Amino acid sequence: MDEKYKDGYVEKNYMEAFDGSGEEIGEEVLNYFEELFSLEMPLGRMMKMMPGMFKYAKRGKKYRKNLMNFAPEMMPMMKDAIKDAVGLGNKEERGV
Amino acid sequence: MSKKALVIGGGIAGINAAVELANNDKLVILVEKNGELGGNVNDMAATFPELDEAQPLLDEQKSKVEDNENIDIKFNSEVISVSGKAGDFKVEINEDGNTVAEEVGAIIVATGFNYMEPNDYSEYGYSRLDNVVTSQEYERMVMNGDIKKYSNSNVVFVHCVGSRDRVKGYRYCSKICCTYSAKHALLLKQEVPSANAFVFYIDIRALGKGYEEFIRDAIEDYGVRYIRGRVSKVINKEDTLLVKAENSLIGNPVELNADLVVLASAMEPQKDSKELAEILGIETDDYGFYKEAQSNMEPVKSSKEGIFLAGSCTAPLEIRESVAMGKAAASESLSFLG
Amino acid sequence: MLEKANDWSDTFYDKWKPIAMGFVNGAEKCLQCGKCTGQCPAAAVNPSYNPRKIIYDLVNGNIKRVLSSVELWQCFFCSGCFATCPVDINFPFFVFMLRLGAMSQGFGWEDVKQLEKYAEKDYLQDGITVSPEERNPYVIEERGDIADIRQKAGMPRQREVSDEAIAEINMISDLSGMTNFMKKIGGVELYDCSKCTPKIEEKCKSKELPKKVGNVKTHYRFYNYGVPIGGADNA
Amino acid sequence: MHKLDKLSGIREEIVADIPIPEEIFYFQSCVASNKYPGIESCTLDVLNKLGVKPFVSEDQTCCGGFVTFANVAAPTASMPAVARNISLAEEEGLDICAVCNGCWTFLNEFGHFMNGNDEVKESVNMMLNMMGREYKGESNIFHIGAMLYKLKDRIAENVERPLEGLKFATHYGCHYLGGGKYGAIDDAQHPSFIQELVEIMGGENVDYTASGECCGTGFTQVINDKEKSLDHSQMKLESVRDEADPDFVIVLCPYCLSQLDRMQQQLDYRRDVKLDIPIIHITQLAGLALGLPKERLAFDAHIGGQDRFKKALNKIGIDY
């Protein structure tokens, strides 16, 4: 058996591998899931998208054209995102 | 003038309702779908929890009906229409192809249940592998002595086939499978002491007088081995069967070579129970069992006045309770028979 | 060890269902019948692995035990449990979600790191997850170059994926946060057991482990569902 | 012991719903392209021979199932990747035919999920719109096994090389029948449609105990926990060798093919277990019966069972 699974180590049981209580760990994981699965478009997410869009646009004319066609749709989303960013804090209002 | 009563179904509940009414000097019409009385008890080798032989007991019950002058038994017949109200029903019965009209004061429904055919349970290989049988087939094997050939072999009993399963079966618990599987294991041990009996269960639900003791006896006195875990798979391995399950008290998977696998198939409502309900104008639940007027206080009254329920057409029941319900339904119906 | 049930999270399971958008649900229906474990190929080779217990812990809120377990990472993703489950629980999806949860707490990165190359080098660069390059020298010896076989069969030496397609999946990767996610995996430094000396090993037991490396805290996982039996093979 | 004639689990209603199209979008699989090119060439030829024109798109990428379920990619990336691939077929107005259980389940499962969840669909479409694409959710996804079963009459008419005297064992793989139990054409525990196809082609079926077991890849276990993966494959392959001793094992999934084929070599080197079992994909089986030349079958990409390949193929008149 591998050393790290031997009695001495297992005795320092899984309880000590965590910093908080079960409830706290649960909250942490839930927050992480929320971020991972969120479908909203907050400003931060929009900013993260920018490099990807630049990279895509740099590939050639055809790609730029695709993006340009999409631009009119993007403006209202940008506005929404900025509005959300101003009214930060209340997640329920943002419809998460 | 007193009115006739109609009893639908000649199983153990219907027989008792009819006899009870006849003993009170009422005329009874007993409608039976098949050519003989007795219903599902005909396929039974023994009863629990006393292990009495079932057939002599049933014969005694049958003779009470057959010898009774007040009871008119209609074999191979079905109710085709019902009209009128409580105390004054007009009924049409199809008897061997001829339509007979009758006037009755009260109707007792005792249509019983059906053993589910576990064809959808392909993981258990029923009707795909040899030596995988349902409990009903197993009882017949006991009666005609076929189980004698399983000496020195492993016989596996599988609980909850079709019960407590919302995907391929029914959500309800069939109530009696726990005890009758113990009965099957006991019968095996009595007939063939050299065979090993293994019972795979989820929970043991021995809800009846003497049932818990019956199962403990099977474990303690006869050495039937109980393993907690629903069987996952039965596959064929050369000439025998390989049963795969989890021993969920220990938490490890187990494999077992078996020569016979007995599936405790669920009790389901009769296939045509909803059609009959429509003819009678009474309510059923989602599965097709008949609904009582009030589940606790009015267990034998149906949703329509003058129509009474008895036996396993209301829910999975044991013999004892079916008999009690048949008698209760008879006494309640007396008030409509003048 | 005595476990304290009031340390479990009562709200976790209720709250995570809406977050998962209905993708995984129904664990509360579990009957604890064990049909899943009985047919499980992973349970057949790993004695302590048990899907039934993992579901049980999840519903009851003992997520600490689930997330820190080695067993969570032993699932074969074969869906046999889903096929046979009497209440239709799609267990592999739960494992998928729980592994993500475990990663958020710093478990299992060593497994995921080994797989990262398939996403970064193959999927995002060529558009195909399995690359034509063979990593196993024995296979090359036996079979030769796959491009030759393709040519002999009358196909182009390499399956072509258009530049546009690759640009598009790269953009999807950036937009959906996959690129960031992979950067995180790439940034994890793992403890190399092969370089371990008896001295370090001594430290390893006495010193606070797991330690924080790079951006992500990495932890060793535990056999939380019973130390495997069967000798050295099962370590 | 099998009473196959007595009760078949094939779901006729699902089979009846499969259309016989003139053209179909052939969804290329990563393992088929880069490890077993025979699957790719056979699929193209077999579909052509059966009167269905395969449409191949260079814009199609990998389904992304592996990176998602290996937890390498954020799960949010998988939906748009699936939607993008399906939208390619929608642009052509075609249904999709996948040769791999994984591709089939992944496209089907996630496609269904998006169809039933407008919020997700909208968000995914926003991403796709940036690239000038749109996911509508109109194309159906079929497995090649189901397609071949649907076309069994045409196969029967076109058999050029009857597989007489050959014994076939089957391995259906987990993700078609088990994982996709609501969309698959056959029962998860006692499937029989490959056996039926084998009979049509004139071959003989043999059975073994572990026929319903997983191949042992365990998705990522073969990389992360190789010994356990080998344990399981060894159990399965030994059961095949000892009980059935077939000329070919037919699989539905290229990933299973890769595992069962390559682990024979690994088992030989690591554990000194000698197995000589040819593993072939269902399209290669169809290719054999429909008389494709040996180059198109490309059995030389397979590692295990080369001696048996030679023997079996010589039996039906292929100089291998």
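Bear in mind that the values here come from a model prediction, so they are computed numbers and not experimental data. Proteins get letters first, then strands, A, B, ... in listed order; numbering begins at 1 in each.
Summarising the local packing, NZ of C/K117 is surrounded by more than 12 heavy atoms from other residues, nucleotides or ligands at distances under 6.0 Å. Within 6.0 Å of the OH atom in B/Y287, the count of heavy atoms belonging to other residues, nucleotides or ligands exceeds 12. Counted within 6.0 Å of CZ on B/R225, heavy atoms from surrounding residues, nucleotides or ligands total 12 or fewer; the atom is thus considered open. The number of heavy atoms from other shown groups lying within 6.0 Å of CG (B/D286) does not exceed 12.
Contacts of B/Y201 with chain C are absent, with no heavy-atom separation under 4.5 Å from either backbone or side chain. Proximity to chain B involves both the backbone and the side chain of C/D88, based on heavy atoms less than 4.5 angstrom apart. No part of C/C40 comes within reach of chain B, as not one of its non-hydrogen atoms sits under 4.5 angstrom from that chain.
Close approach to chain C, defined as a heavy atom under 4.5 Å from one of its heavy atoms, is seen in B/R164, B/D165, B/R166, B/V167 of residues 164-178 of chain B, taken by number.
Side-chain contact check for C/T37 and B/E246: at least one donor-acceptor pair (N or O, by modelled atom type) lies under 3.5 Å.
Using a 4.5 Å heavy-atom threshold, the side chains of B/E123 and C/K35 count as touching.
Exactly one of C/Q32, C/K53, C/R52 qualifies for a side-chain contact (heavy atoms from CB on, under 4.5 Å) with B/S248. That residue is C/R52.
Of all heavy-atom pairs between B/P253 and C/A44, the closest is CG-N, 4.5 Å. Heavy-atom minimum distance, B/S232 versus C/Q39: OG-N, 3.3 Å.
In this structure, C/T84 OG1 and B/Y124 OH are separated by 6.5 Å, a value rounded to the nearest 0.5 Å.
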